[in-house]
Engineer: 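I have a structure here, written as structure tokens, and I will follow up with some questions on it.
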Amino acid sequence: MHLLEKKIVQGLLPKRQAYSHKGDYGRVLLIGGNEQMGGAIILAASATVASGAGLVTVATHSCNHAALHARLPEAMVLDIKDQAQLMAALQATDVVVVGPGLGRTGADLLLLSTICSSLTAEQSLIIDGDAITLLAENPLPQSKAFTVYTPHEKEWERLSGLPIDKQTVKNNQASQEQLNSVIVLKKHLTEIYFPQDVWQNQSGTAAMATGGMGDTLAGMLGGFLAQMHNKKSAILAAVFLHSHISDLIAETSYVTLPSEIIKRIPKAMKEFESTLEVVL
Ligand SMILES: NC(=O)C1=CN([C@@H]2O[C@H](COP(=O)(O)OP(=O)(O)OC[C@H]3O[C@@H](n4cnc5c(N)ncnc54)[C@H](O)[C@@H]3O)[C@@H](O)[C@H]2O)[C@@H](O)CC1
Ligand SMILES: Nc1ncnc2c1ncn2[C@@H]1O[C@H](COP(=O)(O)OP(=O)(O)O)[C@@H](O)[C@H]1O
Ligand SMILES: [Mg+2]
């Protein structure tokens, strides 16, 4: 197992070219947020914007639109129930993040099925939160998109069938192979399962154990994948930085709020940029 530590991530973020524009930094579509959990998709989308994605759109329940506009004017908003608009947005996007605060109704499952079947191999799909639980209970044909699941241990138990005490590296690798996707298994010392190798994050503390923290990581992953052509570097950098920022805040704070982490993403990214491309 490789250790994901500061020296690995140093220089992974490409310095931006002077002659570039928002179209060069990717389109991300975030899908989630029902009547009870609008906060989850607002945190995720805020993390995507703070990570520097070129254009961010949020498909969420209409009751969340005013809050989203007020909290995050950088993002565009569409009604999660508007099929036509959603299909157009799915076709136009580079990355989809689905699941934060989505809910687990039959309509949510239908939506998930539409998403999985309509994406192409050129697109990336991050499956988080309720979308993982829905897929665990109702397996669907695999999407053609490059797929990343971001389960915590309980969600991984549902998806892989492995009880938490059986989630060994070997067992997790076997499930990762079956799912043919990247797995970000979130916990203390988060593990990242790629087809070729496994990484263990060395940053992060119990100060992160608070609602909305995983929603924030899902949004960061979306933003990093939208901009970086090396997908592995994007995933490793997002996982490390999310927890690294928390470590910095935790030096003087008992808990680290997701919204505080989001504010510090751009500054943290700057410290890890490089003009030379590092390949892991
Ligand atoms: N402000 C909001 O709107 C929030 C919405 N949320 C959404 O709520 C939905 C359900 O997610 P939940 O994770 O709460 O519910 P789940 O029912 O999927 O999982 C929570 C349970 O898993 C257990 N667990 C075991 N190991 C764990 C680990 N390593 N990390 C975390 N939990 C572990 C917890 O103790 C808890 O009992 C998701 O769609 C999520 O995005 C949450 O993110 C909380 C904040
Ligand atoms: N004790 C801990 N040490 C390190 N990281 C933690 C700890 N507790 C939680 N985290 C991190 O916080 C996040 C929690 O994700 P998740 O449970 O999906 O949150 P939510 O769904 O509420 O947004 C993960 O990135 C996880 O690694
Ligand atoms: Mg979660």
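Given the structure is predicted, the values throughout are model-derived calculations rather than measurements. Both counts, for ligands and for their atoms, begin at 1 and track the order of listing.
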Engineer: Quick one: look up the protein heavy atom nearest atom 25 (O) of ligand 2 and list residue, atom name and how far away it is.
Structural biologist: H242 CE1, 3.5 Å
Engineer: Give me the one residue out of T114, L111, T57 that meets side chain to side chain contact (heavy atoms under 4.5 Å, CB included) with L86.
Structural biologist: L111
Engineer: Between I249 and R264, is there a side-chain heavy-atom distance shorter than 4.5 Å?
Structural biologist: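 R264 reaches I249 side chain to side chain.
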Engineer: How long is the gap from CD1 on I42 to NE2 on H69, to the nearest 0.5 Å?
Structural biologist: 11.0 Å
Engineer: Yes or no, since that's all I need: does a protein heavy atom fall within a distance strictly under 4.0 Å of atom 22 (O) of ligand 1?
Structural biologist: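 Protein heavy atoms within 4.0 Å of atom 22 (O) of ligand 1 - there is at least one.
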Engineer: To which protein heavy atom is atom 12 (O) of ligand 2 closest, and what is the distance rounded to 0.1 Å?
Structural biologist: M213 CG, 3.1 Å
Engineer: Just jot down the ligand 2 atoms closer than 4.0 angstrom to any heavy atom of G211, in number order.
Structural biologist: 22 (O)
Engineer: Please determine whether a side-chain nitrogen of the Lys or Arg among E271 and K267 lies less than 4.0 Å from a carboxylate oxygen of the Asp or Glu.
Structural biologist: yes
Engineer: As an exercise, identify every atom of ligand 2 less than 4.0 angstrom from a heavy atom of A206.
Structural biologist: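 Answer for ligand 2: 1 (N), 2 (C), 3 (N).
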Engineer: If we set the cut-off at 4.0 Å for heavy atoms, which region of E157 has an atom near ligand 1: side chain, backbone, both, or neither?
Structural biologist: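 Contact part for E157 vs ligand 1: neither.
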Engineer: Hey, are the side chains of E260 and T256 touching, using non-hydrogen atoms and a 4.5 Å cut-off?
Structural biologist: no
Engineer: Are the side chains of I164 and W156 in contact, using a 4.5 Å heavy-atom criterion?
Structural biologist: no
Engineer: Within the 4.0 Å heavy-atom shell around K186, which atoms of ligand 1 are there?
Structural biologist: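 That gives atoms 29 (N) of ligand 1.
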Engineer: May I ask you to say whether R104 pairs ionically with D130, meaning some side-chain N is under 4.0 Å from a carboxylate O?
Structural biologist: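 Here R104 pairs with D130 in a salt bridge, since their nearest N and O are under 4.0 Å apart.
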Engineer: Distance under 4.0 Å to a non-hydrogen atom of G99: what atoms of ligand 1 satisfy this?
Structural biologist: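 Within the 4.0 Å cut-off of G99, ligand 1 contributes 39 (O).
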Engineer: We want to know whether T60 and N64 form a side-chain donor-acceptor pair, criterion being a heavy-atom distance below 3.5 angstrom.
Structural biologist: yes
Engineer: Any non-hydrogen atom of R158 lying under 4.0 Å from ligand 1?
Structural biologist: yes
Engineer: Which heavy atom of the protein is the closest neighbour of atom 29 (N) of ligand 1, given with residue, atom name and distance?
Structural biologist: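 Checking every protein heavy atom, the shortest distance to atom 29 (N) of ligand 1 gives E153 OE1, 2.7 Å.
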Engineer: Would you check the N or O atoms of G211, main chain and side chain alike, for any that come under 3.5 Å of an N or O of ligand 1?
Structural biologist: no
Engineer: Tell me: protein heavy atom nearest atom 3 (N) of ligand 2, and distance?
Structural biologist: H188 ND1, 2.9 Å
Engineer: At what distance is the nearest protein heavy atom to atom 14 (C) of ligand 2, and which residue and atom is it?
Structural biologist: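 Nearest neighbour among protein heavy atoms for atom 14 (C) of ligand 2, to 0.1 Å: G214 N, 3.7 Å.
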Engineer: Give yes if a backbone or side-chain nitrogen or oxygen of G101 is under 3.5 Å from a nitrogen or oxygen of ligand 1, and no if not.
Structural biologist: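 By distance alone, the answer is yes.
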Engineer: Hey, are the side chains of I127 and V148 touching, using non-hydrogen atoms and a 4.5 Å cut-off?
Structural biologist: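 When only atoms from C-beta onward are counted, V148 and I127 do not touch, as no gap falls below 4.5 Å.
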Engineer: Taking atom types as modelled and ignoring hydrogens, do the side chains of S175 and N172 form a donor-acceptor contact shorter than 3.5 angstrom?
Structural biologist: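 Distance-only check fails for S175 and N172.
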Engineer: Taking 4.0 Å as the limit for heavy-atom contacts, which would you say applies to H152 with ligand 2: side chain only, backbone only, both, or neither?
Structural biologist: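 For H152, the contact with ligand 2 is made by the side chain alone.
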Engineer: Quick check on contacts: which atoms of ligand 1 are under 4.0 angstrom from a heavy atom of G212?
Structural biologist: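 Listed by number with element, the hits are 43 (O), 44 (C), 45 (C).
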Engineer: Look at ligand 1 and say whether G214 reaches it with a heavy atom at a distance under 4.0 Å.
Structural biologist: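 The answer is no, since G214 has no heavy atom less than 4.0 Å from ligand 1.
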Engineer: Which option wins on minimum heavy-atom distance to atom 19 (O) of ligand 1: E155, H152, K154?
Structural biologist: H152
Engineer: Under 4.0 Å from any heavy atom of D130, which atoms of ligand 1 are there?
Structural biologist: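 Near D130, the atoms of ligand 1 are 9 (C), 10 (C), 38 (C), 39 (O).
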Engineer: Using distance alone, determine whether K187 and ligand 2 share an N or O pair under 3.5 Å.
Structural biologist: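 It does: an N or O of K187 is found under 3.5 Å from an N or O of ligand 2.
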Engineer: If you measure from each heavy atom of R104 to ligand 1, is any distance below 4.0 Å?
Structural biologist: yes
Engineer: Going through the checks in order, is the side-chain contact (heavy atoms from CB on, under 4.5 Å) test met by L29 and V97?
Structural biologist: CA-CA 6 Å; L29 172 64; V97 178; over 6 Å; no
Engineer: Between F240 and K6, is any pair of side-chain heavy atoms under 4.5 Å apart?
Structural biologist: yes
Engineer: Is any N or O atom of Q36, backbone or side chain, closer than 3.5 Å to an N or O atom of ligand 1?
Structural biologist: no
Engineer: Measure the spacing between CG of L102 and CG of L112 and express it to the nearest 0.5 Å.
Structural biologist: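 CG of L112 is found 7.0 Å from CG of L102.
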Engineer: Among all the protein's heavy atoms, is there at least one whose distance to atom 36 (C) of ligand 1 comes out below 4.0 Å?
Structural biologist: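 Answer no: nothing from the protein, no heavy atom, is under 4.0 Å.
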Engineer: Would Q202 and Q200 count as a side-chain hydrogen bond (donor to acceptor under 3.5 Å, both in side chains) if you check the C-alpha gap in whole Å, the side-chain angles of each, and the deciding distance to 0.1 Å?
Structural biologist: CA-CA 6 Å; Q202 301 298 295; Q200 185 188 55; 3.0 Å; yes
Engineer: Please could you name the atoms of ligand 2 that T190 approaches to less than 4.0 Å, counting only its heavy atoms?
Structural biologist: 27 (O)
Engineer: Quick one: pull up OG in S143 and CG in N180 and give me the separation to the nearest 0.5 Å.
Structural biologist: 11.0 Å
Engineer: In terms of residue, atom name and distance, what is the protein heavy atom nearest to atom 21 (O) of ligand 2?
Structural biologist: D215 OD1, 3.9 Å
Engineer: In the protein, which heavy atom is nearest to atom 8 (O) of ligand 1, and how far is it?
Structural biologist: M37 SD, 3.2 Å
Engineer: Among protein heavy atoms, which lies nearest atom 1 (N) of ligand 1, and at what distance?
Structural biologist: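 So the nearest neighbour among protein heavy atoms is A40 N, 3.9 Å.
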Engineer: With rounding to the nearest 0.5 Å, note down the distance linking NE2 in H188 to CD in E153.
Structural biologist: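 With rounding to 0.5 Å, NE2 (H188) is 11.0 Å from CD (E153).
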Engineer: Distance alone, cut at 3.5 Å: any donor-acceptor contact between the side chains of W199 and N201?
Structural biologist: no
Engineer: Looking only at protein heavy atoms, identify the closest one to atom 18 (O) of ligand 2 and say how far it is in Å.
Structural biologist: K186 NZ, 2.7 Å
Engineer: What protein heavy atom sits nearest atom 41 (O) of ligand 1, and how far away is it?
Structural biologist: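 Minimum-distance protein heavy atom for atom 41 (O) of ligand 1 reads D215 OD1, 2.8 Å.
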Engineer: Could you tell me whether K187 and ligand 1 have an N or O pair separated by under 3.5 Å?
Structural biologist: no
Engineer: What protein heavy atom sits nearest atom 10 (N) of ligand 2, and how far away is it?
Structural biologist: M208 CB, 3.8 Å
Engineer: Tell me, which protein residue and heavy-atom name are nearest atom 7 (C) of ligand 2, and how many Å apart are they?
Structural biologist: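 Ranking protein heavy atoms by distance from atom 7 (C) of ligand 2, first comes T205 O, 3.8 Å.
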Engineer: Going by distance alone, is a donor N or O of one side chain under 3.5 Å from an acceptor N or O of the other, for T150 and D128?
Structural biologist: yes
Engineer: Using a 4.0 Å cutoff against the non-hydrogen atoms of G212, which atoms of ligand 2 qualify?
Structural biologist: 20 (P), 22 (O), 23 (O)
Engineer: Is the shortest heavy-atom distance from the side chain of D94 to the side chain of Q123 under 4.5 Å?
Structural biologist: no
